[in-house]
Amino acid sequence: MSFPAASGRRRPVTQEDVARAVGVSRTLVSFAFRGAPGVSPETRDAILEAARRLGYRHNVLAASLASKRASAVGLYLLDLHNEVYADIFAGVSEALSEGGHRLILGVTDSPSGSGRAAADSLIEARIGVLIAATLTDPDAYVRELTQTVPVVNVARRVCGVDSIYSDDRAGASAAVSHLLGLGHTRIAHMAGPPHEGHLERRRTYERLMVSAGLEPRVVLAQDYTQEAAERAAHALLADPERPTAVFAHNDELALGVREAAYALGLRVPQDLSLIGYDNSRLARLHGIDLTSVDLHARELGKAAGEAALQRLAQPEDPAMERRSEPHLVLRASTSAPARS
């Protein structure tokens, strides 16, 4: 028995196709179709003409249903694998649980990548406010984003934008000062990619090292994951002049350094003291016992959720800032350096 040949039907044309044809963002295409402000007449005409030419059909019913979700809250998370974002999510959910607001989640493709695509997708879902934890894009982009949707930053401060954050300068100072107080003089910093808004821990480390008359030694991981830190730490720890202590940008990077140390036969803390940042659940596990700076992620998430509700209720209020104080949690991964 034979079947007729496939008809070769192509996939439906999407707003992404229209945006690519015009050279604008998908969000702008969405705005043009629903008549939202912020799209010039010339750009709207170009979008509609491209849609006609490509055969795009706007789903009016879907747009109508989506428009009823103006009170929905979008939550952008940088990395689902990092448990600090799970804590932030739990805090946001707690704050929103009694208000009846829908929470829509967006995650970037990579912990080192831009959050723009995920933010665009959340905006197209007709959210009323975006909670961002944490965008790695420049401050200028975050401020530009607020012209489209209100933004509440978590664990990052952007001037002129709602920001719920922990004092990174105080947290990094506590970590580095602890290592200096133990007598370490060869202290390295395992950092992630140098994104704007995520540099204060590194800058504080460098400042304190120079103030102590010591040479800073910064190692960059390709992203903020354990695997990236493990790769970056091998050359550092195999060096004859290896550090006796490492302060890492977050717990994930610290655990990567820990794995590299054990692979090279080094002991923590006898041969290498190690401090992380975030005080995640992994840091607290028996057998890891990682000294870490607690930024109180769940409390940050809850405060961000409350700020989002306030922004929904009072959209014209000035930008708000709430800064919390982190604290260093001492565990078994740090000790005085071994004598030569």
S.K.: Going through the checks in order, is the side chain to side chain donor-acceptor pair (under 3.5 Å) test met by S292 and R284?
M.R.: CA-CA 9 Å; S292 183; R284 304 192 295 267; over 6 Å; no
S.K.: Output the distance between atom NE2 (H198) and atom OG1 (T136), rounded to the nearest 0.5 Å.
M.R.: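 Rounded to the nearest 0.5 Å, the NE2-OG1 separation comes to 6.0 Å.
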S.K.: Go through the steps for R322 and E306 under the test side-chain contact (heavy atoms from CB on, under 4.5 Å), then give the verdict.
M.R.: CA-CA 11 Å; R322 298 179 188 174; E306 293 169 349; 3.9 Å; yes
S.K.: Just to verify, what does Y205 make a ring-ring contact (aromatic ring centres under 6.0 Å, His included) with, not counting sequence neighbours?
M.R.: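 ring-ring contact (aromatic ring centres under 6.0 Å, His included) list for Y205, sorted by chain: H189.
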S.K.: Taking the side chain as everything from C-beta on, heavy atoms only, tell me whether V176 gets closer than 4.5 Å to T204.
M.R.: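 The answer is no; the side chains never approach within 4.5 Å.
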S.K.: Check step by step if side-chain contact (heavy atoms from CB on, under 4.5 Å) holds for Y224 and N250.
M.R.: CA-CA 8 Å; Y224 294 100; N250 65 17; 3.8 Å; yes
S.K.: Within the structure provided, determine whether L253 and Y277 are in side-chain contact (heavy-atom separation under 4.5 Å).
M.R.: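 L253 vs Y277: side chains apart.
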S.K.: Which pair of non-hydrogen atoms, one from A297 and one from D87, has the smallest distance, and what is that distance?
M.R.: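 Nearest heavy atoms, A297 then D87: CB-CB, 3.7 Å.
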S.K.: Residues two or more places apart in sequence or in another chain: which of them pass side-chain hydrogen bond (donor to acceptor under 3.5 Å, both in side chains) with S173?
M.R.: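 By the side-chain hydrogen bond (donor to acceptor under 3.5 Å, both in side chains) rule, S173 matches no residue at all.
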S.K.: Write down the atom of G276, the atom of A254, and the distance for their closest heavy-atom approach.
M.R.: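 In this case the closest contact between G276 and A254 is CA-CB, 3.8 Å.
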S.K.: Mark yes or no for whether H249, through its side chain, and L199, through its backbone, hold a donor-acceptor pair below 3.5 Å.
M.R.: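 Flag not set: sc H249 to bb L199 has no pair under 3.5 Å.
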S.K.: Below 4.5 Å, heavy atoms only, C-beta onward: do L282 and E252 meet side chain to side chain?
M.R.: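 Yes - at least one pair of side-chain heavy atoms lies under 4.5 Å apart.
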S.K.: Please output the side-chain donor-acceptor pairs of residues 141-151 that fall under 3.5 Å, not counting sequence neighbours, one pair per line with the distance.
M.R.:
unit_1: R143; atom_1: NH1; unit_2: C159; atom_2: O; d: 3.2
unit_1: T146; atom_1: OG1; unit_2: R143; atom_2: O; d: 2.5

S.K.: Go through the structure and list residues passing ring-ring contact (aromatic ring centres under 6.0 Å, His included) with H296, not counting sequence neighbours.
M.R.: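 Applying ring-ring contact (aromatic ring centres under 6.0 Å, His included) to H296 gives H327.
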S.K.: Would you kindly say whether S280 and D278 are connected by a side-chain donor-acceptor distance under 3.5 Å?
M.R.: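 Checked: S280/D278 side chains show no N/O donor-acceptor pair below 3.5 Å.
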S.K.: What pair of heavy atoms forms the shortest contact from T134 to Y85, and how long is it?
M.R.: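 So the minimum-distance heavy-atom pair works out to OG1-OH, 3.3 Å.
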S.K.: Partners of S335 by side chain to side chain contact (heavy atoms under 4.5 Å, CB included), sequence neighbours excluded?
M.R.: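 In terms of side chain to side chain contact (heavy atoms under 4.5 Å, CB included), with neighbours along the sequence ignored, S335 is linked to P269, S273.
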S.K.: Show your reasoning for whether side-chain contact (heavy atoms from CB on, under 4.5 Å) applies to D251 and E83.
M.R.: CA-CA 9 Å; D251 288 348; E83 293 207 9; over 6 Å; no
S.K.: Could you walk me through whether L130 and I123 pass the side-chain contact (heavy atoms from CB on, under 4.5 Å) check?
M.R.: CA-CA 8 Å; L130 171 64; I123 292 169; 5.5 Å; no
S.K.: Apply salt bridge (charged side-chain N to carboxylate O under 4.0 Å, His left out) to E94 and list each qualifying residue two or more places apart in sequence or on a separate chain.
M.R.: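 E94 satisfies salt bridge (charged side-chain N to carboxylate O under 4.0 Å, His left out) with R298, K302 once adjacent residues are dropped.
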S.K.: Looking at every non-hydrogen atom in both residues, tell me the closest pair between A228 and D223 and how far apart they are.
M.R.: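 Smallest interatomic distance, heavy atoms only, reads CB-OD1, 3.2 Å.
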S.K.: For residues 231-243, which side-chain donor-acceptor pairs fall under 3.5 Å, sequence neighbours excluded?
M.R.:
unit_1: D239; atom_1: OD1; unit_2: E241; atom_2: N; d: 2.7
unit_1: D239; atom_1: OD2; unit_2: R217; atom_2: NH2; d: 3.0
unit_1: R242; atom_1: NH1; unit_2: D271; atom_2: O; d: 2.9

S.K.: With heavy-atom distances below 4.5 Å as the criterion, would you say the side chains of L105 and L103 are in contact?
M.R.: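 No. Closest side-chain heavy atoms not under 4.5 Å.
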S.K.: With sequence neighbours left out, what residues match D294 under salt bridge (charged side-chain N to carboxylate O under 4.0 Å, His left out)?
M.R.: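 Scan of D294 (salt bridge (charged side-chain N to carboxylate O under 4.0 Å, His left out), adjacent residues dropped) gives none.
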S.K.: Closest approach of A307 and V152, non-hydrogen atoms and distance?
M.R.: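 That closest heavy-atom pairing would be CB-CG1, 4.1 Å.
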S.K.: Applying side-chain hydrogen bond (donor to acceptor under 3.5 Å, both in side chains) between R331 and each of N279, T291, D289, report the one that passes.
M.R.: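 For R331, the side-chain hydrogen bond (donor to acceptor under 3.5 Å, both in side chains) test succeeds with only one of N279, T291, D289, which is N279.
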S.K.: Are side-chain heavy atoms of I131 and I88 found at a separation under 4.5 Å?
M.R.: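 The answer is no, as the side chains (C-beta and beyond) never meet within the 4.5 Å cut-off.
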S.K.: Are the side chains of V219 and V246 in contact, using a 4.5 Å heavy-atom criterion?
M.R.: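 Not touching, per the 4.5 Å side-chain cut-off.
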S.K.: Are any non-hydrogen side-chain atoms of I288 and R258 less than 4.5 angstrom apart?
M.R.: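 Side-chain contact under 4.5 Å: yes.
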S.K.: Going by the rule salt bridge (charged side-chain N to carboxylate O under 4.0 Å, His left out), which residues pair with R53 if we only count those two or more places apart in sequence or in a different chain?
M.R.: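 Partners of R53 by the salt bridge (charged side-chain N to carboxylate O under 4.0 Å, His left out) criterion come out as none, since no residue qualifies.
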S.K.: Taking salt bridge (charged side-chain N to carboxylate O under 4.0 Å, His left out) as the test, write out the residues that go with D162, two or more places apart.
M.R.: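 For D162, the residues satisfying salt bridge (charged side-chain N to carboxylate O under 4.0 Å, His left out) (neighbours in sequence not counted) are R311.
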S.K.: Is the closest side-chain heavy-atom distance between L96 and V73 below 4.5 Å?
M.R.: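 Side-chain contact under 4.5 Å: yes.
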S.K.: Give every residue pair that meets the salt bridge (Lys or Arg N to Asp or Glu O under 4.0 Å) criterion with at least one member in residues 193-202, sequence neighbours excluded.
M.R.: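 For residues 193-202: D168-R201, R169-E200, E200-R207, R202-E206.
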S.K.: According to the ring-ring contact (aromatic ring centres under 6.0 Å, His included) rule, which pairs have a member within residues 164-187, sequence neighbours left out?
M.R.: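 Residue pairs with at least one partner in residues 164-187: there are none.
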